[in-house]
A.B. asks: 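Below is a structure I'd like to ask you about.
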Number of protein chains: 2
Amino acid sequence: MPLTSSQENYLKAIYKLEVGEGIATNQALSASVEATPASVTNMLRKLMEEGLVKYEAYQGAMLTKSGRNEAVKLVRKHRLWEVFLVKKLHYDWDAVHALAEDLEHIGGAELINRLDAFLDHPKYDPHGDPIPNEQGEIRARQHAFAASEASVGTKFVVCGVRDSSSLFLRHLDKLNIRLGKNYELIECLEFDRSAVWSEGADSYTNVSSEVAINVLIQITHE
Amino acid sequence: MPLTSSQENYLKAIYKLEVGEGIATNQALSASVEATPASVTNMLRKLMEEGLVKYEAYQGAMLTKSGRNEAVKLVRKHRLWEVFLVKKLHYDWDAVHALAEDLEHIGGAELINRLDAFLDHPKYDPHGDPIPNEQGEIRARQHAFAASEASVGTKFVVCGVRDSSSLFLRHLDKLNIRLGKNYELIECLEFDRSAVWSEGADSYTNVSSEVAINVLIQITHE
DNA sequence: ATAAATTTTTAGCCCAGGCTAAAAATTTAT
DNA sequence: ATAAATTTTTAGCCTGGGCTAAAAATTTAT
């Protein structure tokens with residue numbers, strides 16, 4: 001029997017908690033699907049019966065193989081729709097999450113594979129998160145870490161964000177920081193732990209530590 | 001309060017019955033939304049309370065201004081998504097209805113206007129049906145009629161279908177009849193009321209009367 | 001080891017939107 | 001005008017997925 005949208009949302013929530021090394025307790029899920037703990041208990045029972053989830057009270061929930069499979073499919077759909085909305089419909093990157101959240105429940109493999117092809121098999125979504133392929137494999141970005149960990153002199157490219165809230169993304173817009181842009185870390189200021197990034201020439205950006213913590217970078221060897 | 005998908009489906013069904021000069025009786029609706037008459041009564045009551053529908057037992061239902069407004073928006077969304085699926089994702093024209101049926105409930109004016117722009121403001125969907133504009137105006141095809149009404153010698157262009165079932169559309173595919181193609185009606189055969197259409201040169205297609213009845217054409221004055 | 005705090009589950013309720021079966025209303029036919 | 005057929009509504013029930021408030025289970029702290 002096909003999953004309902006609500007079931008799909010739970011699976012995705014559990015998945016996200018798992019990869020974030022969090023444990024998918026009743027409470028954590030409650031926050032993340034925006035339902036009361038009582039409702040979560042209810043849904044977990046159903047998902048267990050359908051063999052999508054393993055659950056032990058106080059120990060948290062884990063996806064089974066087939067549950068994880070479903071969750072990854074959802075992530076794929078979500079991220080591909082986000083690419084579509086940004087690249088083709090020119091939405092801002094901070095405005096696509098809610099729409100993708102709805103679109104991800106539509107259609108099956110056929111639709112999403114066609115969308116994937118139409119978009120030229122993008123590897124990352126507009127926030128730099130990797131898009132699982134048709135087989136559910138995720139080729140995660142290698143060697144990415146928070147900009148706050150870089151040392152002075154490092155040259156890097158911005159490749160993702162830790163926080164994809166609208167607030168943070170719009171802040172990056174204001175700082176003119178975008179995925180794919182290259183910088184060099186010029187200095188770290190002791191006073192407020194902020195940093196100075198240079199894009200070259202006389203272009204300098206002052207980056208607060210809150211920002212740096214939430215920006216993912218890769219070192220560029222050139 | 002926002003409409004549910006189910007409410008939207010009822011509005012669209014009533015709208016379609018209205019334009020097809022049918023009357024949206026409890027029964028007709030029952031067939032068209034695939035629910036029992038009892039369920040229809042139920043929903044009509046709600047739609048009436050929300051001021052979307054006027055209903056009188058045995059006389060059928062009619063949309064109010066705001067109900068019609070909603071219905072036309074849905075038609076717009078449906079047809080634009082169909083264009084997207086066929087033109088961009090290369091679905092066959094007989095395979096897009098069900099998906100568009102789901103997609104049409106997603107998002108609001110912003111999304112659909114962006115989609116419209118992305119598709120270059122198409123005037124017709126893949127079956128030749130006109131797409132309402134943002135204001136809800138439908139510039140219906142003028143002077144279109146069933147191919148079965150044409151007289152010998154008429155030159156015409158195929159511009160739509162009366163039946164958009166998968167079965168019929170695939171049949172047209174087999175006959176190589178497509179929207180936008182030009183023909184001349186060469187003769188009508190008395191025996192089985194079938195017709196011969198020519199695309200010029202030595203290209204002739206024999207068209208049964210069932211087919212001709214369901215193909216919409218416009219006379220070409222050249 | 002026991003008390004306090006936390007987490008989870010139960011119980012009972014709500015709403016949307018279906019359903020069936022039977023009753024009521026209306027229309028059509030005789 | 002009355003009977004027959006049809007259409008609509010009611011009544012009662014079901015499922016999915018929420019909710020609250022209270023009870024039970026477990027963990028943590030003393």
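Chain A is the first sequence line, chain B the second, and so forth, proteins listed ahead of strands; every chain is numbered from 1.
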A.B. asks: Can we say A:K12 and A:E101 salt-bridge, meaning some charged N sits less than 4.0 Å from an Asp/Glu carboxylate O?
C.D. replies: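 Answer for the salt bridge query: yes.
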A.B. asks: DNA chain C in dot-bracket, Watson-Crick or G-U pairs under 3.5 Å, [ ] crossing, | other strand?
C.D. replies: ||||||||||||||||||||||||||||||
A.B. asks: Within this structure, what is the CD1-to-C1' distance between B:I23 and C:dT27, rounded to whole angstrom?
C.D. replies: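 In whole Å, C:dT27 C1' lies 14 Å from B:I23 CD1.
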A.B. asks: Hey, are the side chains of B:F156 and B:L185 touching, using non-hydrogen atoms and a 4.5 Å cut-off?
C.D. replies: yes
A.B. asks: Between A:Y10 (OH) and D:dG16 (P), how many Å, whole number?
C.D. replies: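 In whole Å, D:dG16 P and A:Y10 OH are 14 Å from each other.
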A.B. asks: Within the distance-only criterion (no hydrogens, no angle test), does the side chain of A:R170 pair as donor or acceptor with the backbone N or O of A:D94 below 3.5 angstrom?
C.D. replies: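 Such a contact is absent between A:R170 side chain and A:D94 backbone.
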A.B. asks: Are A:E110 and A:R114 within salt-bridge range, i.e. N to O under 4.0 Å?
C.D. replies: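 A salt bridge is present here (some side-chain N lies under 4.0 Å from a carboxylate O).
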A.B. asks: If the condition is side-chain contact (heavy atoms from CB on, under 4.5 Å), which residues does A:I219 pass it with, not counting sequence neighbours?
C.D. replies: A:F145, A:T154, A:H221
A.B. asks: Using a heavy-atom distance cut-off of less than 4.0 Å, which residues of residues 97-108 of chain B contact DNA chain D?
C.D. replies: none
A.B. asks: By nearest atom, which of the nucleotides D:dG16, D:dG18, C:dC19 is closest to the A:K46 side chain?
C.D. replies: D:dG16
A.B. asks: Can you find a side chain N or O atom of B:T36 that sits less than 4.0 Å from OP1 or OP2 on C:dG18?
C.D. replies: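 No, no such contact exists.
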A.B. asks: I'd like to check B:Q7 versus B:E50 (side-chain heavy atoms, cut-off strictly below 4.5 Å). Are they in contact?
C.D. replies: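 Yes. Closest side-chain heavy atoms under 4.5 Å.
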A.B. asks: How many Å lie between CD on A:E34 and P on D:dG17, as a whole number?
C.D. replies: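 So the two atoms are 17 Å apart, to the nearest Å.
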A.B. asks: Within this structure, what is the CG-to-C1' distance between B:L47 and C:dG18, rounded to whole angstrom?
C.D. replies: 15 Å
A.B. asks: Is any side-chain heavy atom of A:R141 closer than 4.5 Å to one of A:Y124?
C.D. replies: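 With C-beta onward as the side chain, the pair touches.
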A.B. asks: Aromatic ring centroids of B:F84 and A:F84 under 6.0 Å?
C.D. replies: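 B:F84 vs A:F84: aromatic centres under 6.0 Å.
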A.B. asks: The criterion is ring-ring contact (aromatic ring centres under 6.0 Å, His included); which residues satisfy it with B:H97, sequence neighbours excluded?
C.D. replies: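 Once residues adjacent in sequence are excluded, the partners of B:H97 under the ring-ring contact (aromatic ring centres under 6.0 Å, His included) criterion are B:H78.
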A.B. asks: Detail all sub-3.5 Å separations between protein N/O atoms and N/O atoms belonging to nucleotides 28-30 of chain D.
C.D. replies:
none

A.B. asks: On the nucleotide C:dG17, are OP1 or OP2 found under 4.0 Å from the side-chain N or O atoms that B:T4 carries?
C.D. replies: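 Indeed, a polar side-chain atom of B:T4 lies that close.
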A.B. asks: Would you call B:E70-B:K73 a salt bridge at under 4.0 Å N-O?
C.D. replies: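 Answer for the salt bridge query: yes.
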A.B. asks: Around atom CD of B:Q135, are there more than 12 heavy atoms from other residues, nucleotides or ligands closer than 6.0 Å?
C.D. replies: yes
A.B. asks: Rounded to whole angstroms, how far apart are CD on B:E50 and P on C:dC15?
C.D. replies: 15 Å
A.B. asks: So, is the end of the A:K46 side chain (NZ or CZ) under 6.0 Å from the ring centre of A:Y10 and within 45° of the ring's axis?
C.D. replies: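 Because its charged atom misses either the 6.0 Å distance or the 45° angle limit, A:K46 does not stack over A:Y10.
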A.B. asks: I'd like to know if A:E18 and A:R68 make a salt bridge, using a cut-off of under 4.0 Å between side-chain N and carboxylate O.
C.D. replies: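 So A:E18 pairs with A:R68 through a salt bridge.
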A.B. asks: Using a 4.0 Å heavy-atom cut-off to protein, can you give one letter per nucleotide of nucleotides 5-11 of chain C, 5' to 3': B if the base is in contact, S if only the sugar-phosphate is, - if neither?
C.D. replies: --BBBB-
